[in-house]
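Single-structure report; data block below.
Source: prediction; values computed, not measured.
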Amino acid sequence: DLPSSPSFTVQKKTFIRNYDGTVKITLNEKRDLVLLGFYVPGIQESIQPLILSSLLSSKAGRLQKLIDRRIIGGFTVDYSTLIYESLFTVALFGFKDKHKAVSSLINEIKKPVTQSELKKLKERIKAEYTIEYNTLKVINTAGIQQLLFGNPTYLFDRLFDDREYEKLSDFANKLTEQYIEIGYE
């Protein structure tokens, strides 16, 4: 017989960077595309990557400004909410000057978050997750969170905790110290 409510614990892992310094890889293929990867802690340790993803990628986000200023033609931001260490990636394309595109991205990440920007970011994230928690998707999301964290609203609770947003500028600044850049030339 299987127990009616099996339990297990997720061991907390310390976040350790796997490399020292910025890594650059150039692929000899004609494309105006660059992919930057940042090692980030998993969702159990920090929700900062999730918040940063929203700051960068929303229609009113920071990377949209690079499109508006014609530094890049477009972008994608990808972050998977894994329990442990994960990779946060940003792809930039449609640029004329790769160096300017990459440095503009890094500058947008490092730029301190203003109070106005923070207020809009909190409202947007809270609205998005409130909608998500009011759909059938919540059954799957809540179940996974219950299994992993013992709380079906783990992520929701953290995203609604204003203290989580106070650390964003420090996290973003530290993130830009080391990254992997894969560029096509």
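Classification of the Phe149-Tyr154 ring pair by plane angle, with boundaries at 30° and 60°, yields parallel.
Residues Phe38 and Tyr179 bring their aromatic ring centres within 6.0 Å.
Ile71 is not listed as a side-chain neighbour of Phe95, based on a closest heavy-atom distance of 4.5 Å or more. Counting only heavy atoms from C-beta outward, the side chains of Phe171 and Val40 approach each other to under 4.5 Å.
To the nearest 0.5 Å, the span separating OG1 on Thr176 from NZ on Lys110 amounts to 4.5 Å. From Gln145, atom CD reaches atom CD1 of Ile43 across 8.5 Å, with rounding to the nearest 0.5 Å. To the nearest 0.5 Å, the span separating CG on Leu87 from CD1 on Ile180 amounts to 6.0 Å. Atoms CG and NZ, on Asp161 and Lys122 in that order, are 9.5 Å from each other to the nearest 0.5 Å. With rounding to the nearest 0.5 Å, the separation of CD1 in Ile51 from CG in Leu56 is 12.0 Å. Note: Ser53 OG to Phe88 CZ = 5.0 Å, rounded to the nearest 0.5 Å.
Checked by atom type and distance alone, the side chain of Ser58 pairs as donor or acceptor with a backbone atom of Gly61 at under 3.5 Å. In terms of modelled atom types and a separation under 3.5 Å, the side chain of Gln48 and the main chain of Glu164 share a donor-acceptor contact. With hydrogens and angles disregarded, no donor-acceptor distance shorter than 3.5 Å links the side chain of Ser54 to the backbone of Ile125. Judged purely by atom type and a 3.5 angstrom limit, Arg62 uses its side chain to pair as donor or acceptor with the backbone of Lys111.
The nearest pair of heavy atoms linking Tyr39 to Leu175 is O-CD1, 3.9 Å. Across every non-hydrogen atom of Pro41 and Tyr79, the tightest pair is O-OH, 3.9 Å. Lys59 approaches Gln64 most closely through the heavy-atom pair O-CG, 3.3 Å. Considering all non-hydrogen atoms of both residues, Ala91 and Leu33 come closest at CB-CD1, 4.3 Å. Residue Ala101 comes nearest to Leu92 through the heavy atom pair O-CD1, 3.5 Å, listed as atom of the first residue, atom of the second, then distance. Of all heavy-atom pairs spanning Asp162 and Lys126, the tightest one is OD1-NZ, 3.0 Å.
Other residues, nucleotides and ligands place more than 12 heavy atoms under 6.0 Å from the CD atom of Glu123. Dense packing is recorded around NZ of Lys65, with more than 12 heavy atoms of other residues, nucleotides or ligands lying under 6.0 Å away.
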Test side-chain contact (heavy atoms from CB on, under 4.5 Å) on Leu55 and Leu118 and set out the steps.
CA-CA 9 Å; Leu55 176 70; Leu118 198 57; over 6 Å; no

Set out, in order, the CA-CA distance, both residues' side-chain angles and the distance that settles side-chain contact (heavy atoms from CB on, under 4.5 Å) for Leu35 and Glu181, then state yes or no.
CA-CA 6 Å; Leu35 175 70; Glu181 176 185 326; over 6 Å; no

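A salt bridge does not link Glu45 with Lys167: every distance from a Lys NZ or Arg NE/NH1/NH2 to an Asp or Glu carboxylate oxygen is 4.0 Å or more.
Leu168 pairs with exactly one of Leu52, Asn173, Ile47 by the side-chain contact (heavy atoms from CB on, under 4.5 Å) rule, that one being Leu52.
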